[in-house]
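To find a chain, count down the sequence lines: A is the first, B the second, and so on, and within it residues start at 1.
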Number of protein chains: 2
Amino acid sequence: MKNATIDLPSLPRQRLGDQIADVLRQQILLGQLPPGKNIPERETAAALGVSRTPLREGLLVLEAEGLVEMSPSKSPVVANPTFVEVSNLLLVQSALEGLAGECACDEASEGEIDKIEDMHKMMLANVQEPDQIKFFQIDMAFHEAIVASTKNASLIKTHKQYHSRLWRVRFLSARHRAARDKAMIDHGRIVEGLRLRDKEQVSSEMREHLRRAIDNIRIVFAEEETSTAGNG
Amino acid sequence: MKNATIDLPSLPRQRLGDQIADVLRQQILLGQLPPGKNIPERETAAALGVSRTPLREGLLVLEAEGLVEMSPSKSPVVANPTFVEVSNLLLVQSALEGLAGECACDEASEGEIDKIEDMHKMMLANVQEPDQIKFFQIDMAFHEAIVASTKNASLIKTHKQYHSRLWRVRFLSARHRAARDKAMIDHGRIVEGLRLRDKEQVSSEMREHLRRAIDNIRIVFAEEETSTAGNG
DNA sequence: GACCTTTAGTTGGTATACCAAATATGGGTC
DNA sequence: GACCCATATTTGGTATACCAACTAAAGGTC
């Protein structure tokens with residue numbers, strides 16, 4: 001096993017547990033720690049070059065976020081949500097982004113809207129590129145930027161957590177060209193509404209954008225169903 | 001100091017850290033641990049009859065919920081949110097409850113709506129009682145019951161967290177008779193909409209109900225301002 | 001040969017011990 | 001007498017050690 005020690009700054013600017021949570025969260029989002037994977041405490045702590053105490057604190061953070069499930073006498077495990085659970089998550093996220101759209105019309109500066117529009121244009125330029133990761137990352141940044149422009153710290157934090165839990169499945173969904181095309185249409189209307197500061201339009205477009213995503217994700221789960229059935 | 005040891009079941013059915021989080025959360029909500037109060041780890045652990053490790057895990061839970069703030073080399077402290085922060089929390093909660101109202105129209109059973117209506121009637125019977133705590137507790141249970149009827153686990157959990165953070169300030173707000181009267185009107189429309197399964201009505205009533213609460217809470221902060229100014 | 005029992009090993013849960021940073025306090029100096 | 005520096009104490013952060021529950025495997029019995 002390669003020694004995956006994370007770099008420890010001599011001055012602990014941040015709690016080690018939070019840094020560990022960040023590292024593990026990245027690994028989960030990127031699929032290096034796939035859903036269902038065990039995360040034994042001793043082994044993982046040794047691999048990261050830390051003790052069990054901060055590792056455990058990091059795992060508890062991820063458990064609170066819903067990315068990891070812990071149960072007594074069993075190794076913590078990367079969450080593997082069902083379609084219904086993901087659907088529920090998307091509903092909540094749609095409500096959060098609906099609010100974000102409304103607040104952004106009040107709070108976003110022109111400069112922030114400029115940057116949001118830039119992201120939209122960059123996505124348009126990449127919509128037919130084979131490099132899906134780039135497209136997807138800008139997609140996520142687009143949504144994050146709108147939420148950030150509301151300056152509502154609670155909204156930003158809660159949205160970020162749902163973002164993490166939905167990252168993987170939305171990434172799988174973004175592989176479909178049709179889903180990307182639909183997303184671009186929605187994004188265009190959102191940017192347009194932001195320019196006009198039209199709360200009603202932006203709010204409902206963002207809300208419905210995510211609700212439509214549920215259908216795309218149903219396809220992803222159906223594919224996974226057939227592929228796992230083929231393996232068994 | 002009285003020994004406030006919590007009862008430890010010989011079989012740890014639940015993680016000790018979570019139990020500790022529950023105990024401290026109750027104490028914060030009830031004002032036994034008022035905003036700004038220090039929660040030193042060693043002292044508190046000793047008072048609860050546990051070691052620092054699980055106490056710390058409990059504190060981290062409360063920090064994630066926003067009820068406690070932790071910073072290096074300083075005792076954890078009970079959060080003391082500003083009006084702007086509370087206002088932001090209420091906006092998010094309004095979005096969550098708006099979604100809950102919509103989903104409840106689809107998912108709530110007739111029996112669940114019966115219980116929700118019972119709570120409403122019980123509040124009507126207590127609206128002019130001096131026992132504000134009882135009125136307030138039913139008020140909170142009323143909102144919780146509607147959210148629970150959606151069967152959306154993520155929504156329930158996130159709503160519960162915001163519920164905790166808003167508990168104290170909403171309790172202070174509920175002392176005002178005018179606020180209670182207004183609440184009863186809103187609740188009546190909500191129950192009516194639930195019976196009719198009118199998503200649009202229930203959703204917008206619940207959303208606006210909480211947004212109106214912002215004004216009541218502004219009054220609470222104004223009062224606190226003057227009272228602290230008087231003390232200084 | 002199959003099933004039950006026991007035991008060894010692994011897991012997470014908790015307590016304790018150690019460390020470093022920050023702070024408050026007391027003594028010394030100007 | 002006031003201000004500065006050194007030190008002792010208290011804080012949270014981390015590592016380690018211990019424990020109880022669960023699991024799985026091996027050996028004995030029917």
Q) For K151(A), does the NZ atom have more than 12 heavy-atom neighbours from other residues, nucleotides or ligands under 6.0 Å away? A)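 Atom NZ in K151(A) is crowded, with more than 12 foreign heavy atoms closer than 6.0 Å.
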
Q. So with a 6.0 Å cut-off around CG of L30(B), is the heavy-atom count from everything else above 12?
A. yes

Q. With a 3.5 Å cut-off and just heavy-atom distances, do the side chain of R15(B) and the base of dG12(C) make a donor-acceptor pair?
A. no

Q. Can you find a donor-acceptor pair, distance only, under 3.5 Å between T53(B) side chain and dT16(C) base?
A.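 Looking at the base of dT16(C), it does pair with a donor or acceptor on the side chain of T53(B) (distance under 3.5 Å).
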
Q. Can a salt bridge be assigned to the pair K74(B) and E41(B) using a cut-off of 4.0 Å between side-chain N and carboxylate O?
A. no

Q | E41(A) side chain, from C-beta outward: closest of dT14(C), dG12(C), dC19(C) | A | dG12(C)

Q) L16(B) has a side chain; which of dT14(C), dA15(D), dG13(C) sits nearest to it? A) dT14(C)

(Q) Parallel, tilted or perpendicular, judged at 30° and 60°: which one describes the rings of F136(A) and W167(A)? (A) perpendicular

Distance check needed: [N] [atom2] versus [X] [atom1], whole Å only.
{"X": "E57(A)", "N": "dG12(D)", "atom1": "CD", "atom2": "P", "value": "13 Å"}
{"X": "R52(A)", "N": "dA17(D)", "atom1": "CZ", "atom2": "C1'", "value": "10 Å"}
{"X": "K74(B)", "N": "dT23(C)", "atom1": "NZ", "atom2": "C1'", "value": "11 Å"}
{"X": "R42(A)", "N": "dA15(D)", "atom1": "CZ", "atom2": "P", "value": "15 Å"}
{"X": "I20(A)", "N": "dA15(D)", "atom1": "CD1", "atom2": "C1'", "value": "12 Å"}
{"X": "R56(B)", "N": "dA15(C)", "atom1": "CZ", "atom2": "C1'", "value": "15 Å"}

(Q) Between S75(A) and dG12(C), is there a contact of a side-chain N or O with OP1 or OP2 at under 4.0 Å? (A)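 So the side-chain polar atoms of S75(A) do come within 4.0 Å of the phosphate oxygens OP1 or OP2 of dG12(C), strictly under.
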
Q) For DNA chain C, whose closest nucleotide is more 5', that of S73(A) or that of S51(B)? A)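 Comparing both residues, the 5'-ward one is S73(A).
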
